[in-house]
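Below: the structure, in structure tokens.
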Amino acid sequence: MTGHHALLAQQTVWQPSAGHTQIPLWPGAVPDARAAKGPEHMEAVTDPKDFVAGKPWVVVKDVSRPTLTLYSPKGKNTGAAVVVFPGGGYMELAIDLEGSEVCDWLTEKGISCVLLKYRVPEPRSRPYWGAYPESPMPLEDAQRTMGLVRLHAKEWHIDPHKVGVLGFSAGGHLVAAMSVHFDKRVYTPIDAADRESCRPDFAVALYPGHLSFRGGTLDLNPDIAKRISAQTPPTFLLQNENDNVDSVWDALSYEAALVKAKVPVEFHSYAEGGHAFGLRRTRYPATGWPHLVEVWLHTIGMIED
């Protein structure tokens, strides 16, 4: 296979670390199912020039059966939980760099983490394919996950009023979509999980994409723009000004709309640092964002010392 992703093995399917189990999101047929071009598999980024903080990373491709994986705190439990959306341009999922590594950080801080492996069949049929409403699949999976977390909150030792979302790149767009599409499901409800609220209590979007409608302006993706309200959850945004994949205007346009709607928003922008670094520390200040998020979660009352 060509490209910078070296094929691991066509049959290799991602599995979480020992002690964690993937839970299917949908009990029966998956809504708005779209066939992937092949079986779900992983590919490793093995070219050193594409490493992040000197280390390789892995993507999952052709996801057609979405799952969630619960990572619970091992020590103290704050009661807070975060549903994590890895990025990958709605084409693939950076499952470790922007997924399982994030869960390791959160659970160390006493926060439950729910890693969503949402549907990403290629190819994109147009530039915004994957971003709702062009494709409803990722948003359906995200709404369903939030309902499942709240339905199982007692069993999973989670406070149902402290459940947030965190996503990177395309997953950052999914964070924004979840922050405005919560009054009703975008699929036909099927069971008790779909009667739970799918509104996040807080939202973290890191180098988000699919938000700026016109670069160099504050014009926001109209699907998001027309639905922002005072009920949109408090939001944390981070983006670098030299990000050549998703422009800083993605975060700027969203921040401006949130401020206008009087939604509490914290925005960090940096001159350098590029795109797709997850939470791996490099020489760039932007990679210190996990500490900033921890402080912010304290200030909005989601976690306490």
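Being a predicted model, the structure only gives us computed values, none of them experimental. Every heavy atom of this structure was used, including side-chain atoms; hydrogens, water molecules and symmetry mates were not.
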| request: With Arg150 as reference, evaluate Asp159, Asp201, Asp194 under the salt bridge (Lys or Arg N to Asp or Glu O under 4.0 Å) test and give the passing residue. | output: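 Answer to the salt bridge (Lys or Arg N to Asp or Glu O under 4.0 Å) test with Arg150 among Asp159, Asp201, Asp194: Asp201.
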
| message | What verdict does the side-chain hydrogen bond (donor to acceptor under 3.5 Å, both in side chains) test give for Thr78 and Glu304, after you've listed the backbone C-alpha separation in whole Å, the side-chain angles of each residue and the deciding distance to 0.1 Å? | response | CA-CA 7 Å; Thr78 62; Glu304 296 164 12; over 6 Å; no

To the nearest 0.5 Å, how far apart are [atom1] in [X] and [atom2] in [Y]?
| X | Y | atom1 | atom2 | answer |
| --- | --- | --- | --- | --- |
| Arg227 | Leu220 | CZ | CG | 12.0 Å |
| Ile303 | Leu106 | CD1 | CG | 9.0 Å |
| Leu238 | Phe277 | CG | CZ | 5.5 Å |
| Arg65 | Arg119 | CZ | CZ | 9.0 Å |
| Leu174 | Leu166 | CG | CG | 11.5 Å |
| Ser179 | Leu258 | OG | CG | 8.0 Å |

Between the side chain of [X] and the main-chain N/O of [Y], is any donor-acceptor distance below 3.5 Å?
| X | Y | result |
| --- | --- | --- |
| Gln143 | Val186 | yes |
| Arg281 | Ala53 | no |
| Trp289 | Leu206 | no |
| Ser169 | Gly171 | no |
| Glu101 | Gly278 | no |
| Ser135 | Tyr132 | no |
| Tyr118 | Pro86 | yes |
| Asp96 | Val58 | yes |
| Asn240 | Gly274 | yes |

Short side-chain donor-acceptor distance under 3.5 Å, [Y] and [X]:
| X | Y | result |
| --- | --- | --- |
| Glu294 | Trp105 | yes |
| Asp104 | Tyr71 | no |
| Glu266 | Thr235 | no |
| Asp141 | Trp26 | yes |
| Tyr207 | Glu98 | yes |

Does a side-chain heavy-atom distance below 4.5 Å link [X] with [Y]?
| X | Y | answer |
| --- | --- | --- |
| Trp249 | Thr217 | no |
| Thr67 | Ile23 | no |
| Leu115 | Gln22 | no |
| Thr145 | Leu25 | yes |

| query | Should the ring pair His173 and His210 be called parallel, tilted or perpendicular, given that the plane angle runs from 0 to 90° and is split at 30 and 60? | reply |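 Judged by the thresholds at 30° and 60°, the geometry between His173 and His210 is perpendicular.
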
| said: The test is side-chain contact (heavy atoms from CB on, under 4.5 Å); show your working for Ser64 and Glu40 and say whether it passes. | reply: CA-CA 7 Å; Ser64 58; Glu40 181 185 319; 5.9 Å; no

| task | Decide side-chain hydrogen bond (donor to acceptor under 3.5 Å, both in side chains) for Ser72 and His157; before the verdict, give the C-alpha distance in whole Å, the side-chain angles of both, and the deciding distance to 0.1 Å. | result | CA-CA 8 Å; Ser72 298; His157 307 291; over 6 Å; no

Treating Ile, Leu, Val, Met, Phe, Trp and Tyr as nodes and any side-chain heavy-atom pair under 4.5 angstrom as an edge, say whether [X] and [Y] lie in one connected cluster.
| X | Y | result |
| --- | --- | --- |
| Val245 | Val120 | no |
| Ile300 | Val175 | yes |
| Tyr284 | Val248 | no |
| Phe182 | Leu151 | no |

| message | Run Val84 and Val114 through side-chain contact (heavy atoms from CB on, under 4.5 Å) and show every step you take. | response | CA-CA 6 Å; Val84 173; Val114 176; over 6 Å; no

| message | Centroid separation under 6.0 Å, is that true for the rings of Phe236 and Phe202? | response |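 No.
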
